[in-house]
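Keep in mind that this is a model prediction, so the values were computed, not measured. Note that ligands are numbered from 1 as they come in the structure, with each ligand's atoms numbered from 1 the same way.
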Amino acid sequence: MSMELIHETLATVKRRNPNEPEFLQAATEVLESIEPAIRRHKKYRDARILERLVEPERQIIFRVPWIDDRGQVQVNRGFRIQFNSAIGPYKGGLRFHPTVCASILKFLGFEQIFKNSLTTLPMGGAKGGSDFDPKGKSDQEVMRFCQSFMTELFRHIGPDTDVPAGDIGVGAREVGYLYGQYKRLRNEFTGVLTGKGLQWGGSLIRTEATGYGAVYFAQEMLKTRGESMEGKVCVVSGSGNVAQYTIEKLNQLGARAVTMSDSNGFIHDPDGIDEEKLAWTMDLKNVRRGRIKEYADKFKARYYEGATPWSIKCDCAFPSATQNEITGQDARTMLENGCYLVSEGANMPTDPDGVHIFLSKKILYGPGKAANAGGVATSGLEMSQNSMRLSWSREEVDRKLHQIMITIHQNAFNTAKEYGLPGNLVAGANIAGFTKVADAMVDQGLI
Ligand code: NDP
Ligand code: 2IT
């Protein structure tokens with residue numbers, strides 16, 4: 001009966017949101033895996049929690065006009081999906097990428113609800129962004145775009161209402177321009193964005209947090225089998241914020257990261273991307289804004305144009321680029337090559353076929369909403385520091401981040417067991433994240 005309810009709800013999602021495949025994919029994965037909780041708790045069925053959960057509280061879509069360096073008017077589309085505020089102010093990143101559309105931001109906002117719930121901190125779920133492409137744009141163009149974007153967004157956000165942050169295409173530079181414009185418009189210095197610069201309200205470790213967190217989560221998964229990261233050969237995709245700090249933490253723990261990628265291809269460096277090569281890559285990607293191919297030329301590694309790194313033999317994989325980057329076929333290849341741990345730094349990087357394969361083969365599989373929750377968790381710590389008008393040391397924030405990742409793993413692991421699905425961290429994370437939000441929605445009446 002509860003499965004019927006879930007399928008009816010998903011049919012409504014499909015009917016109401018035609019042409020939103022990513023959102024339907026995320027909703028299907030979550031709803032199907034929380035069936036045991038829907039079955040067990042009549043109060044969720046009576047309060048029609050599922051039907052309410054899949055409908056965002058508010059969606060804002062707006063025009064973003066700006067002037068490029070040639071003096072031409074450009075127009076992009078801006079979004080903010082305020083999905084759920086049952087347990088705290090809306091919280092989630094902004095993505096600037098040409099593929100951005102309602103479907104992608106709704107999948108990300110939906111995932112964010114459960115991820116934020118898992119962090120143990122009081123944050124609701126949201127996501128936003130634009131189809132603006134920062135690639136190939138000058139700093140001035142990026143600034144003018146960010147100022148125009150914020151000129152509309154500012155009226156919808158606030159430190160107790162909605163606190164955006166970065167995601168793909170939105171890093172320190174973009175957060176700086178966005179924050180500057182918010183401050184001018186409001187005449188207030190508040191913690192309205194996270195991922196801020198360290199001199200103006202940012203938290204130590206926020207830059208590192210998602211990557212570090214994904215590795216801390218992997219450590220916890222390995223511990224259940226009495227193993228550690230030491231000596232593990234790791235395949236990493238992406239070469240942006242999450243990939244960079246995943247590799248930094250892997251190096252610190254004695255593991256060996258052998259790949260990185262961008263949307264053009266991937267590099268394979270069997271000797272490992274050590275500290276020096278990583279520092280060079282950070283300059284390439286964060287300052288010079290070049291392509292990963294240059295790494296192969298610089299360090300005599302192999303470059304594979306137009307391919308993803310999943311064919312490379314490894315013990316552990318850290319997908320850290322984008323959604324659906326691991327297909328069912330990739331998953332099969334990875335298992336054949338001996339990969340037995342996947343910790344998702346990206347959001348929904350594995351397609352449904354791939355997830356099914358990882359779960360049925362019972363490898364150590366940490367889904368994004370658990371494994372990459374360290375980023376938003378540290379955003380939550382940045383919000384606390386802003387509210388208290390003080391800043392914690394690097395060690396203090398790292399210690400809190402590490403403890404949060406341990407707790408998330410424990411919660412997902414124990415919840416999976418409690419609901420009769422031992423080892424299934426997809427079900428464990430979804431059910432644990434869901435029940436907290438669902439209980440809050442029941443307590444607060446018809447919201
Ligand atoms: P960045 O913009 O810093 O880096 C993104 C990386 O992924 C780049 O190497 C980029 O290559 C590659 N990439 C992006 N889109 C595609 C695509 N369609 N196909 C192939 N490669 C692609 O973003 P982040 O590192 O911040 O984000 C990476 C992932 O982690 C995303 O899924 C994001 O949602 C998730 N995440 C990020 C968090 C954060 O705190 N930043 C927190 C939690 C999750 P190219 O330069 O060629 O575009
Ligand atoms: O997907 C994510 O969790 C993020 N991009 C980080 C969100 C945040 O508010 O720090």
Side-chain angles (χ1 to χ4, degrees), residues 22 88-100 104-105 107-116 118-119 121 123-129 133-136 162-175 191-196 202-203 205-214 236-247 260-267 281-282 284-286 289-293 295 306-309 318-326 344-350 367-383:
E22 292 87 0
Y90 305 110
K91 179 86 195 89
L94 295 171
R95 176 176 292 191
F96 291 170
H97 193 273
T99 57
V100 161
I104 287 182
L105 295 182
F107 116 64
L108 288 162
F110 189 68
E111 289 283 289
Q112 202 81 43
I113 303 170
F114 311 101
K115 185 196 302 194
N116 293 4
L118 286 169
T119 64
L121 304 174
M123 299 181 289
K127 201 82 185 191
D133 186 359
K135 268 201 215 89
D162 183 355
V163 182
D167 192 78
I168 291 177
V170 178
R173 174 181 63 171
E174 290 75 17
V175 169
V192 73
L193 285 153
T194 57
K196 296 186 292 298
S203 173
I205 299 289
R206 174 61 189 89
T207 310
E208 294 87 340
T210 310
Y212 279 18
V236 179
S237 67
S239 49
N241 172 268
V242 179
Q244 292 168 14
Y245 291 97
T246 293
I247 295 173
M260 276 187 294
S261 69
D262 60 23
S263 50
N264 294 95
F266 79 93
I267 60 99
T281 308
M282 286 183 178
L284 172 75
K285 284 289 167 185
N286 309 344
R289 301 185 188 275
R291 309 308 302 157
I292 202 65
K293 180 177 189 300
Y295 180 104
T308 51
F318 292 84
S320 314
T322 194
Q323 64 275 357
N324 293 325
E325 55 173 317
I326 299 179
E344 295 184 338
N347 285 305
M348 205 168 75
T350 310
K369 66 174 71 64
N372 72 37
V376 74
T378 309
S379 281
L381 301 177
E382 183 171 329
M383 290 165 72

Revision key, fill the gap. Counting from 1 in the order shown, the ligand 1 atoms closer than 4.0 Å to a non-hydrogen atom of His97 are 15 (N)
Point to revise | Nearest option to atom 5 (C) of ligand 1, as decided by whichever heavy atom of Leu108, Ile168, Thr308, Asn324 sits closest | key: Ile168
Check your understanding: Hey, does Val163 come in under 3.5 Å of ligand 2, counting only N/O atoms on both sides?
Key -> no
Review point. Considering all protein heavy atoms, does one lie under 4.0 Å from atom 42 (C) of ligand 1?
Key: yes
Revision key, fill the gap. re atom 33 (C) of ligand 1, the protein heavy-atom contact at minimum distance is Asp167 OD1, 3.2 Å
Practice item. Output yes when the distance from some N or O of ligand 1 to some N or O of Val242 is under 3.5 Å, and no in every other case. Key: yes
Review point. Can you tell me if Met260 has a non-hydrogen atom under 4.0 Å from ligand 1?
Key: no
Review point. Would Gly169 count as a contact of ligand 1 if the rule is a heavy atom under 4.0 Å away?
Key: yes
Study note, to complete from the structure: The closest protein heavy-atom partner of atom 4 (O) of ligand 1 is Gly240 CA, 3.3 Å
Revision key, fill the gap. Looking only at protein heavy atoms, what sits closest to atom 17 (C) of ligand 1 is Thr322 CG2, 3.5 Å
Review point. Are any of the heavy atoms in Gln323 under 4.0 Å away from ligand 1?
Key: no
Exercise for review: Please say whether Asn264 places an N or O atom under 3.5 Å from an N or O atom belonging to ligand 1.
Suggested key: no
Review point. Is there a heavy atom of Arg206 sitting under 4.0 angstrom from any atom of ligand 1?
Key: yes
Point to revise | Contacting atoms of ligand 1, where contact means under 4.0 angstrom from a heavy atom of Arg95 | key: 31 (C), 32 (O), 33 (C), 34 (O)
Check your understanding: Taking it one step at a time, do Leu381 and Ile205 satisfy side chain to side chain contact (heavy atoms under 4.5 Å, CB included)?
Key -> CA-CA 10 Å; Leu381 301 177; Ile205 299 289; over 6 Å; no
Check your understanding: Short list, please: which atoms of ligand 1 are under 4.0 Å from a heavy atom of Lys135?
Key -> 45 (P), 46 (O), 47 (O), 48 (O)
Point to revise | Atoms of ligand 1 close to Ser239 [distance to a heavy atom under 4.0 angstrom, numbered from 1] | key: 9 (O)
Review point. Contact between Gly368 and ligand 1, counting heavy atoms under 4.0 Å?
Key: no
Exercise for review: Could you tell me whether Ala243 approaches ligand 1 through its side chain, its backbone, both or neither, with non-hydrogen atoms closer than 4.0 Å?
Suggested key: neither
Exercise for review: Report yes or no: does a heavy atom of Met123 sit under 4.0 Å from some atom of ligand 2?
Suggested key: no
Review point. Measuring from the heavy atoms of Arg95, does anything fall under 4.0 Å of ligand 2?
Key: no
Review point. N/O to N/O below 3.5 Å, does that happen between Asn347 and ligand 1?
Key: yes
Check your understanding: Can you find an N/O atom of Asn372 closer than 3.5 Å to an N/O atom of ligand 2?
Key -> no
Practice item. Select the closest option to atom 36 (N) of ligand 1 among Gly211, Gly345, Ser320, Pro98, judged by heavy-atom distance. Key: Gly345
Exercise for review: Considering only non-hydrogen protein atoms, determine which one is nearest to atom 39 (C) of ligand 1 and report residue, atom name and distance to 0.1 Å.
Suggested key: Thr210 OG1, 3.4 Å
Check your understanding: Just one of Thr210, Thr207, Thr281, Asn286 clears the side chain to side chain donor-acceptor pair (under 3.5 Å) bar with Gln244, so which one?
Key -> Asn286
Check your understanding: What do you reckon, does Lys127 have a nitrogen or oxygen under 3.5 Å from a nitrogen or oxygen of ligand 1?
Key -> no
